[in-house]
Number of protein chains: 2
Amino acid sequence: MDDAVPPAAAPQRRARQPRRATTERRAEILRAAAHTFGSKGYKNGSLAEVADQVGITHAGVLHHFGSKEALLVEVLEYRDKEDVRDLEGQHIPDGIELFQHLVRTARMNVDRRGIVQGYTVLTGESVTEDHPARDWVTNRFTILRGEITAAIVEVGGGDVPQDVAECAASAIIGVMDGLQVQWLLDDGVDLPAATQFAIEAILTAALLGTGRPHPLT
Amino acid sequence: MDDAVPPAAAPQRRARQPRRATTERRAEILRAAAHTFGSKGYKNGSLAEVADQVGITHAGVLHHFGSKEALLVEVLEYRDKEDVRDLEGQHIPDGIELFQHLVRTARMNVDRRGIVQGYTVLTGESVTEDHPARDWVTNRFTILRGEITAAIVEVGGGDVPQDVAECAASAIIGVMDGLQVQWLLDDGVDLPAATQFAIEAILTAALLGTGRPHPLT
DNA sequence: CGGTAGTTACTGACAAGTCAGTAAGTCGCT
DNA sequence: AGCGACTTACTGACTTGTCAGTAACTACCG
């Protein structure tokens with residue numbers, strides 16, 4: 001009946017869009033969610049805001065992902081896949097190349113403020129109790145530490161004790177993350193320079209006594 | 001003359017001062033708020049939870065602090081004052097002593113997980129837009145960087161270029177914060193050892209060429 | 001020293017808003 | 001025709017903040 005008449009003559013903003021490939025639609029939502037969770041955090045970012053960016057309602061988002069938490073998990077997985085795709089073709093860097101890659105990443109990050117902010121906010125949030133991203137973040141750190149530790153040992157030709165390599169690996173990850181926070185809050189911080197300086201310093205210290213003093217550049 | 005008449009109908013109100021126990025009560029609330037904001041974050045921590053811990057209602061908390069944001073600001077100031085009080089009597093460390101103090105702090109922090117978590121969560125949150133703690137965190141970083149930069153220059157006997165000292169200072173703060181995050185998520189990370197290792201490494205690199213190679217211990 | 005005016009420190013009820021999640025219906029592609 | 005991709009409409013839980021009322025305390029007056 002006529003009582004169902006909606007705000008008549010509404011050429012509905014999100015009116016009938018041609019049915020897109022669902023996969024691409026989901027990817028759109030994931031990118032929007034990554035942006036929202038990145039700038040506002042997971043808890044503070046709302047499904048409505050995510051939905052707005054792709055022109056649907058929050059219920060539409062839930063149709064695709066079931067729950068907010070499931071959406072976060074998929075965002076995380078999506079970003080992992082993207083990272084891997086970026087590296088495709090290139091061989092995974094190891095040894096000394098890994099450290100050059102890390103410094104290059106810091107340089108690139110200056111032009112990817114949004115992504116850096118997202119990573120920072122989510123990582124900070126994740127240390128709270130029962131945070132849905134906690135396992136993901138923890139796991140990511142564990143893998144990264146493993147790779148960097150191995151690279152240090154390799155560069156040191158096996159002369160670097162395991163515990164020293166592990167300390168140095170944690171420190172390298174820590175300094176990268178910590179510098180990002182300072183840079184996000186204050187543009188005066190020279191992210192690439194400080195990152196390179198610190199990585200070289202830590203690497204040099206780890207290799208001390210192995211006869212390979214000045215590893216980078 | 002009629003000028004003796006006090007500001008029209010403005011009699012000196014009497015009991016203007018807060019009650020004796022009020023200061024302590026407010027401090028109780030501040031400690032509770034620090035705990036809640038620390039474990040859940042500012043956005044996610046509620047006034048009701050804070051109020052519960054001191055046995056009043058959320059309206060009672062608002063009676064004392066006016067708004068949630070004002071409460072956060074006072075929590076931050078309260079913690080600053082506490083930190084200062086802890087250092088009272090001791091002279092503020094400078095030069096090489098500052099770095100020894102930083103390493104000592106990392107060692108102490110292992111037994112103050114709650115405080116470390118609070119600092120981490122709040123710092124992470126603060127990079128989001130319009131966060132009420134943003135200025136406080138930014139300012140804190142600026143001051144810390146200034147102090148550490150000065151200490152590096154001092155230890156280097158003036159031979160360390162300003163930009164190198166600044167890079168090193170940012171890196172030292174960054175590595176301390178970044179290692180705390182990893183430690184919170186994974187007890188396997190040796191916070192004191194990695195912190196000391198990294199600070200020594202960065203300091204050594206900053207002093208390279210000044211003839212003061214092995215600064216700590 | 002006792003009373004009392006004025007204030008402080010709350011409580012409980014409520015307003016107004018936001019949030020995730022659900023149910024049921026509609027549109028249109030395949 | 002049927003199903004996937006939505007929308008509208010709604011619920012219930014939680015939020016911060018306001019307000020009126022109350023008990024307790026304190027300062028001063030007589």
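Since this is a predicted model, take the numbers as computed values, not measurements. In what follows, chains carry the letters A, B, and so on, assigned in the order in which the sequence lines appear, proteins first and then strands, with residues in each chain numbered from 1.
Of all heavy-atom pairs spanning A:S126 and A:T123, the tightest one is OG-O, 2.7 Å.
Using a 4.0 Å heavy-atom cutoff across all strands shown, A:H58 reaches at least one base atom of the nucleic acid. B:L47 comes within 4.0 angstrom of the backbone, heavy atoms only, and of no base.
Between C:dC10 and B:R25, a contact under 4.0 Å exists linking OP1 or OP2 to a side-chain N or O. Contact check, B:R26 against C:dA9: no side-chain N or O comes under 4.0 Å of OP1 or OP2. For the OP1/OP2 pair of C:dC19 and a distance below 4.0 Å, the side-chain nitrogens and oxygens of A:S46 include at least one atom meeting the criterion. For the OP1/OP2 pair of C:dA9 and a distance below 4.0 Å, the side-chain nitrogens and oxygens of B:H63 include at least one atom meeting the criterion.
A cation-pi geometry, defined here as NZ or CZ lying under 6.0 Å from the six-membered ring centre and within 45° of its normal, holds between B:K68 and B:Y42.
Rounded to an integer number of Å, the gap from CG of B:L62 to P of D:dG17 is 6 Å. Atom pair B:L72:CG and D:dG17:P shows a separation of 12 Å (rounding to whole Å applied).
In the set D:dT18, D:dT8, C:dG21, the nucleotide with an atom closest to the side chain of A:K68 is C:dG21. Nearest to the side chain of B:T22, among C:dT8, D:dC6, D:dT8, sits C:dT8. Here C:dC10 is the nucleotide among C:dC10, D:dT7, C:dT11 with the atom lying nearest to any side-chain atom of B:H64.
Heavy-atom neighbours of A:H35 NE2 from other residues, nucleotides or ligands within 6.0 Å: at or below the threshold of 12.
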